[in-house]
Structure formats: C-alpha cells, structure tokens
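Structure first, then comments.
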Amino acid sequence: MNTAVLKEIVGQVGILTINRPDAMNALNDDVMNGLTLGLDEFEQNDAIHCVIITGSEKVFAAGADIAAMRNYEYIDVYRDNFITRNWERLKTFRKPTIAAVSGYALGGGCEVAMMCDMVFAADNAKFSQPEVRIATLPGAGATQRLPRSVGKAVAMDLCFTGRMLTAAEALQFGLVSRVYPKAELMHETLEQAQAIAAYSLPVLMMMKESLNRAFETPLNEGLAFERKMLYATFALEDRKEGMNAFIEKRPANFNNR
Ligand code: CAA
C-alpha cells in the first residue's frame with residue numbers, strides 16, 4: 001500500500017496529504033504516483049467537488065527527492081520522461097483545488113502548490129525555489145508559473161538566489177491568497193473548500209477552464225472563450241435555480257446539472 005499520500009473525504013471535499021515525514025515530504029515516485037491516483041479517483045467521484053492538497057504542519061514538501069535524483073543521467077530522465085510522467089495530473093484536473101501549505105514548500109513543493117488553483121498558507125509557511133543551490137532548474141513549472149503568479153522581478157529574484165519567502169511576503173506578492181494562523185489552516189481551508197463545493201460543480205469547472213485560458217491565449221481569444229462558457233451556463237438547470245433562488249429570496253439548491 002502506498003502510504004506516501006493519505007486520502008480522506010470530508011463531505012464533498014477530497015483531501016490528499018503528502019506523508020513522508022522522514023524525508024521532509026520529498027516528492028519521490030511514491031508521492032507523485034499517490035497524488036496522481038488520488039486525483040484520478042476524486043475526478044471520477046461525482047460526490048467530490050473540491051480537493052485540498054496538504055502536507056504536515058512542518059513541511060508541505062521540500063521538493064523533488066534529491067536522494068533519488070542524484071545518480072540520474074540524462075538518458076534516465078529523458079527516457080523515463082521525468083516530471084512529465086507523474087507530476088502533471090493537477091494540470092488536467094477539472095475540479096477546484098486548494099494547496100494548504102504549512103511549513104516548507106520548497107522547489108517541487110512550491111511548484112505543486114502553484115499547480116493548484118489557490119494556495120492558502122499558514123503563518124509559518126516558507127516558499128522557495130532553491131534548485132540553483134544544487135545546480136539544476138526548477139523544472140516542474142516554476143520558471144513558467146512563478147512569473148505568471150508573482151511577476152518577472154520576484155520570480156527571477158527567487159530562482160537566482162534560492163531565498164525563502166515568508167507567508168506574509170508570499171501574500172504580498174500574490175503567490176498565496178490567504179494566510180491563517182498555523183493551528184487554523186486546515187479548519188479554515190476545509191471550511192472554504194466546503195463552501196466552494198456547495199456551489200454548482202459544472203459552473204466551477206467552466207470557471208476554472210475559463211480562468212486558465214487567461215494564461216494561455218491572447219485577450220480576445222480568452223474573452224471569446226469566456227463568452228462561450230457564459231452562454232453554456234444558460235444550458236444548466238443550476239443557472240436557472242441560482243437566479244430563481246435569488247429572486248425568490250431563498251437559498252439555492254444546486255443539483256449539478
Ligand atoms: N530530497 C530528499 N531528501 C530530503 C529533501 C529532498 N528534497 N529535503 C530534505 N530531505 C531529507 C534530508 O536529507 C534529511 O534526511 P536524513 O534525516 O536522512 O539526513 C531529512 O529530510 C531532514 O532534512 P534536514 O536534516 O535537511 O532538515 P532541516 O530541518 O535541517 O532542513 C529543509 C529542512 C530546509 C527543508 C532542508 O531539508 C532543505 O533545504 N531541503 C532541500 C530543499 C531543496 O533543495 N529542494 C529542491 C529539490 S530540487 C527540485 O524540487 C527540482 C524540481 O523542480 C523538480
């Protein structure tokens with residue numbers, strides 16, 4: 001059994017917890033395969049509307065597993081499709097995801113957090129891309145996602161120096177959207193995830209698809225896509241229910257159709 005990722009379901013929220021306490025939650029194949037399988041399962045489970053990815057209080061993840069990587073040659077990473085083979089499931093996952101980061105989110109850990117739709121941090125969280133110190137690249141997306149998230153100046157600064165950001169700096173730079181006291185991170189994240197999960201899942205999925213277009217298309221194409229998604233909501237029972245509930249001054253009861 002793969003214990004490197006623990007799986008839990010609370011109401012309509014799926015939680016995946018990275019669990020390699022002896023290695024600072026370093027992201028080896030067990031972890032990345034565990035996350036991939038967990039996401040596959042949560043994607044197929046219609047009862048789950050939102051997913052949280054987290055680690056321990058001390059460490060979200062200290063990056064790719066350096067002990068596993070140290071003896072790799074070029075042919076190993078090229079032939080085995082390192083990273084691409086089992087790090088990218090979050091990229092195609094269609095439901096909302098939240099990274100709940102307490103402690104270190106370093107290297108690949110920060111990159112996994114950035115693959116999530118939102119990042120909530122505990123006040124002890126520390127973010128960095130320290131790969132420069134071991135003479136490799138942040139190769140699980142940070143050279144692309146970090147500039148889109150925090151802008152070129154901060155991204156270059158972080159990658160060239162490997163310095164750590166505090167949770168407060170991460171909030172200031174827009175890498176995270178919320179910071180909570182450490183003891184409250186999971187409770188607050190779960191509460192927010194449940195609130196999101198109570199909305200119409202197809203609407204959340206359309207929103208996610210549309211928001212992600214902002215990073216991949218010129219403005220006019222993105223706007224055209226958004227408009228198609230807007231029109232698509234008019235085919236949903238939930239859209240009628242949402243508007244009717246508003247006019248009738250009652251809570252909406254979405255059936256996710
Ligand atoms: N890979 C493998 N093992 C790791 C690890 C990693 N990324 N990070 C920590 N560990 C291991 C340590 O080797 C140590 O193992 P032993 O007990 O067997 O010696 C154990 O976890 C505890 O770590 P430390 O003794 O270093 O603990 P600390 O409290 O002094 O420091 C830390 C904690 C600041 C997180 C420090 O461990 C650290 O800097 N880790 C490495 C961070 C790093 O360089 N990450 C980038 C990896 S490369 C990457 O991610 C590339 C990519 O984009 C794909």
Side-chain angles (χ1 to χ4, degrees), residues 2-6 16-36 39 53-93 97 99-116 119 121-150 152 154-170 175-176 182 185:
N2 182 349
T3 57
V5 174
L6 307 177
L16 296 172
T17 303
I18 303 167
N19 179 45
R20 287 191 73 206
D22 295 343
M24 287 276 163
N25 281 351
L27 303 168
N28 64 359
D29 278 338
D30 282 347
V31 175
M32 299 322 294
N33 291 337
L35 286 177
T36 302
L39 289 166
I53 296 189
T54 194
S56 65
E57 273 203 358
K58 185 177 172 189
V59 58
F60 178 76
D65 191 316
I66 301 169
M69 286 188 296
R70 67 192 286 215
N71 293 321
Y72 285 172
E73 300 288 345
Y74 171 80
I75 188 62
D76 301 315
V77 289
Y78 177 73
R79 185 193 52 208
D80 295 347
N81 219 8
F82 179 49
I83 301 295
T84 309
R85 72 169 180 257
N86 56 5
W87 282 62
E88 303 214 302
R89 183 62 181 89
L90 274 165
K91 200 174 75 173
T92 55
F93 191 73
T97 55
V101 175
S102 185
Y104 298 110
L106 312 183
C110 186
E111 292 173 302
V112 167
M114 282 191 288
M115 289 176 202
C116 292
V119 187
D123 52 10
N124 71 333
K126 289 199 169 62
F127 298 86
S128 85
Q129 295 297 155
E131 289 84 353
V132 69
R133 297 179 183 179
I134 55 169
T136 188
L137 243 70
T143 69
Q144 304 306 302
R145 290 196 178 93
L146 206 49
R148 284 167 168 82
S149 168
V150 300
K152 176 186 163 186
V154 175
M156 293 272 185
D157 179 341
L158 293 179
C159 290
F160 286 174
T161 65
R163 80 180 174 95
M164 278 195 207
L165 289 185
T166 62
E169 288 172 306
L175 183 60
V176 311
K182 183 175 74 172
L185 175 70

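Both counts, for ligands and for their atoms, begin at 1 and track the order of listing.
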Inset, instruction - Any atoms of ligand 1 less than 4.0 Å from a non-hydrogen atom of Pro138? List them with their elements. - result: 53 (O)

Inset, instruction - Can you figure out which of Ala142, Ala26, Gly141 has its heavy atom closest to atom 6 (C) of ligand 1? - result: Ala26

Inset, instruction - Could you pull out, from Ala140, Ala62, Gly139, Cys110, the option with a heavy atom nearest to atom 41 (C) of ligand 1? - result: Ala62

Inset, instruction - Would you name the heavy atoms of Glu111 and Gly139 that are closest together and state the gap between them? - result: OE2-N, 3.4 Å

Inset, instruction - May I ask you to identify, for Glu131, whether its side chain, its backbone, both or neither come under 4.0 Å of ligand 1 on a heavy-atom basis? - result: side chain

Legend entry - Arg70 CZ: over 12 foreign heavy atoms closer than 6.0 Å: no

Inset, instruction - Go through ligand 1 atom by atom and flag the ones less than 4.0 Å from a non-hydrogen atom of Ile134. - result: 48 (S)

Inset, instruction - Run down the list Ser128, Pro130, Gly103 and name the one with the heavy atom closest to atom 43 (C) of ligand 1. - result: Pro130

Legend entry - Asn25 side-chain N/O to Gly55 backbone N/O, donor-acceptor pair under 3.5 Å: no

Legend entry - For Gly108, the ligand 1 atoms whose distance to one of its heavy atoms is below 4.0 Å: 49 (C), 50 (O)

Legend entry - Enumerated ligand 1 atoms positioned under 4.0 Å from heavy atoms of Leu106: 35 (C), 42 (C)

Legend entry - Worked verdict on Asn124 versus Ser102 for side chain to side chain donor-acceptor pair (under 3.5 Å): CA-CA 6 Å; Asn124 71 333; Ser102 185; 3.2 Å; yes

Inset, instruction - Find all atoms of ligand 1 within a distance of less than 4.0 Å from any non-hydrogen atom belonging to Glu111, and give their numbers and elements. - result: 52 (C), 53 (O)

Inset, instruction - Please verify whether a non-hydrogen atom of Thr136 lies at under 4.0 Å from ligand 1. - result: no

Inset, instruction - Kindly determine whether Asn33 and Asn86 satisfy side chain to side chain donor-acceptor pair (under 3.5 Å), including the steps that lead there. - result: CA-CA 6 Å; Asn33 291 337; Asn86 56 5; 2.9 Å; yes

Legend entry - Enumerated ligand 1 atoms positioned under 4.0 Å from heavy atoms of Asp22: 20 (C), 21 (O)

Legend entry - Atoms of ligand 1 close to Ile83 [distance to a heavy atom under 4.0 angstrom, numbered from 1]: 54 (C)

Inset, instruction - For the pair Arg20 and Asp65, find out whether any cationic side-chain nitrogen is under 4.0 Å from an anionic carboxylate oxygen. - result: yes

Legend entry - Closest to atom 11 (C) of ligand 1 among Ala68, Ala23, Gly107 (heavy-atom distance): Ala23

